[in-house]
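FYI, side chains are in, hydrogens and waters are out, and symmetry mates aren't considered; it's all heavy atoms of this structure.
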Amino acid sequence: METKYIFVTGGVVSSLGKGIISSSLARLLLSRGYRVTIQKFDPYINIDPGTLNPYEHGECYVTVDGHEADLDLGHYERFTDIKTTRANNMTTGRIFQSVIDKERRGDYLGKTVQIIPHITDEIKRSVKSLGNTGKYDFVITEIGGTVGDIESTPFLEAVRQLKWELGKNALSVHLTYVPYLKAAKELKTKPTQHSVKELQAIGIQPDILILRTEKDIPPAMRRKVAQFCNVAPEAVIQSLDAPTIYKVPQMMHEQGLDNLVLQLTGTESIGEPDHAAWNEFLHKLDTATETVTIGLVGKYVELQDAYKSINESLMQAATYCNRKLNLVYIHSEKLTNSNVDEKLKGMDGVVIAPGFGQRGIEGKFVALKWCRDHDVPTFGICLGMQCMVIEYARNVLGLEDANSTEMDPNTSHNVIDLMEEQKSVSNMGGTMRLGAYECKLKKGSIPAKAYGKEIVSERHRHRFEFNDDYRERFEEAGLECVGVNPETGLVEVVQVPALRWFVGTQYHPEYQSTVLNPNPLFMSFIRAAISDKK
């Protein structure tokens, strides 16, 4: 079949959940047996979110091929098990950079380079690049931002052109908000009407409207929206607040979203969706009665999107262990020797979060020493693993000023350091190790038992490395290097075998944990935390 293109836009306000709707639709189509992929177009001028502060943009997600991407790609992967690449995420910055590079090479033969057609043509090329591979029946494209934003205009113009060019092979899904006014005790559809009119003014007629709402929208009101917005009544779907985002595919299916997409794109149905595994996960989520309490120690805890993939990985693992997750955020900047006992004593397990920079790092050392002294299951991820090494060097090896050269370039015990070949690179991000790398695990170690194999591939996003010069001293003192990159010999995983579960990974296992395939290391950690609770 010809590739069908589905465009998901948003109106009224941001953060309505376009990524969740896109992921849910992809899940439904995949469950029916279609070949699906999703991409996100972000209207900011940064080349990627790699240098953005988490307060600005939440988590930076990393694809298998080492592209730093928007956190929505994490949702895409968790819902679909699709491994995304740089082709699944495009920014205004990358589009403009590509056009300017072509102009400098003389590709436009002296023409004046303009938004239309040159920028929009580049956007269209990027949209269709995945479809042109012949691998997919459906390409879902989420347009970041809100209709009416000046930044989104070139993307929406490209969508308008593509809808015209592709005809029945293109579909527009518009997500809007229907607010509930408490004082008037009424739902209001006017913001949706205005949003659709704005979209129509650009030249895009939405085929499907999804109304985000906190209250059930009566059928008569949905018919009114359909009438005002030139949309078929059955194509007006509500997206009620759900107790978990993982129920959204089910809610969309009950209202016939997947059938509607097949009908509007002239696609022959190849059977009802197979939701057995997904529904089993939801059943476990609904029926769990016991709780596992995990402390997440980091410096961005007031902004939970900064650790989105970790949060979801812990929740998935807890669910498969028939537990409800009670995730307690502990601000590492506020953690001291005098309050650590009070903050951590109720935890069944502790995660030391990743990050960059000095801020909040001493609190992580305090947490690690307490967890080690009390034999609490502890999981250090990326910088969390590096902090494990530094804390162990200081308090067990007796190297009092041990540090990472990221924090103290003049430390006399640089147990974490840049590799020699990285030291001359000055370009921001140029020294980063990004994307999937293989890791060889020590037979019998906790990670090897968790994965059930000794060679694994996990994704990285870091700059500094374990200093191999100290490896022998650490291992003699009880901290073992149980995972190394088979090509470079770089240490990827550390473990203290004398403790029940004390593991640090230089890689980010959260990037490869999905609803249907939770990461084995998170499963192992949660099982240890449950065992500790008992």
Exercise. Is the closest side-chain heavy-atom distance between Y34 and I270 below 4.5 Å?
Worked result: yes
For this session: List the steps, then state whether side chain to side chain donor-acceptor pair (under 3.5 Å) holds for N311 with Y329.
Result: CA-CA 10 Å; N311 303 355; Y329 295 95; 2.9 Å; yes
For this session: Report yes or no: do T213 and Q238 form a side-chain donor-acceptor pair below 3.5 Å?
Result: no
Seminar exercise, completed: Residues passing the side chain to side chain contact (heavy atoms under 4.5 Å, CB included) test with I82, sequence neighbours excluded, are L30, T37, T80
Problem set entry | Salt bridge D241-R212, side-chain N to carboxylate O under 4.0 Å | yes
Exercise. Any donor-acceptor pair under 3.5 Å linking the side chain of R27 with the backbone of H275?
Worked result: no
Exercise. Under the side chain to side chain contact (heavy atoms under 4.5 Å, CB included) criterion, do Q506 and L490 qualify, and how do the steps go?
Worked result: CA-CA 10 Å; Q506 185 59 82; L490 291 169; over 6 Å; no
Exercise. How are the rings of Y507 and Y451 set to each other: parallel, tilted or perpendicular (split at 30° and 60°)?
Worked result: perpendicular
Problem set entry | side chain to side chain donor-acceptor pair (under 3.5 Å) between Q316 and S513, intermediate numbers included | CA-CA 8 Å; Q316 291 155 7; S513 190; 2.9 Å; yes
For this session: Would you tell me whether T405 and D417 have side-chain atoms, one donor and one acceptor, within less than 3.5 Å of each other?
Result: yes
Problem set entry | salt_bridge(K40, E142) N-O dist < 4.0 Å | yes
Seminar exercise, completed: Shortest non-hydrogen pair, Q205 vs N230, comes out as NE2-O, 3.2 Å
Exercise. With a 4.5 Å limit on heavy-atom distance, are the side chains of L156 and F7 in contact?
Worked result: no
Problem set entry | Minimum side-chain heavy-atom gap L441-V482 below 4.5 Å | no
For this session: Would you indicate whether the side-chain heavy atoms of E268 and M1 approach each other to under 4.5 Å?
Result: no
Problem set entry | Pair H460-E492, side-chain donor/acceptor within less than 3.5 Å | yes
Problem set entry | Residue pair E59 / S309, side-chain donor-acceptor N/O under 3.5 Å | yes
Exercise. Can Q161 and E157 be said to form a side chain to side chain donor-acceptor pair (under 3.5 Å), step by step?
Worked result: CA-CA 6 Å; Q161 292 178 26; E157 170 58 21; 2.8 Å; yes
Exercise. Y61 versus D70: any side-chain heavy-atom pair under 4.5 Å?
Worked result: no
Exercise. Given the rule in the side chain to side chain contact (heavy atoms under 4.5 Å, CB included) test, do D468 and V491 qualify, once you have shown the distances and angles that lead to the verdict?
Worked result: CA-CA 8 Å; D468 209 54; V491 172; 4.0 Å; yes
Problem set entry | Short side-chain to backbone donor-acceptor contact, T244 and K247, under 3.5 Å | no
For this session: Evaluate the side-chain proximity of L28 to M252: yes if any heavy-atom separation is below 4.5 Å, no if none is.
Result: yes
Problem set entry | Donor-acceptor side-chain pairing of N132 and R125 below 3.5 angstrom | no
Exercise. When you look at L262 and R32, which way does the side chain to side chain contact (heavy atoms under 4.5 Å, CB included) test go after all the steps?
Worked result: CA-CA 11 Å; L262 298 181; R32 284 177 173 270; 3.8 Å; yes
Exercise. Going by distance alone, is a donor N or O of one side chain under 3.5 Å from an acceptor N or O of the other, for T514 and D81?
Worked result: yes
For this session: Specify the closest pair of heavy atoms between G11 and L16, including all atoms of both residues, with the distance to one decimal.
Result: O-CD1, 3.3 Å
Exercise. So does D121 pair up with K124, basic N to acidic O under 4.0 Å?
Worked result: yes
Problem set entry | Heavy-atom side-chain proximity of V503 to P447 below 4.5 angstrom | yes
For this session: Check whether any side-chain heavy atom of Q39 lies under 4.5 Å from a side-chain heavy atom of T141, and answer yes or no.
Result: yes
For this session: Please step through side chain to side chain donor-acceptor pair (under 3.5 Å) for the pair Y246 and E312, ending with a clear verdict.
Result: CA-CA 11 Å; Y246 301 118; E312 297 302 311; 2.5 Å; yes
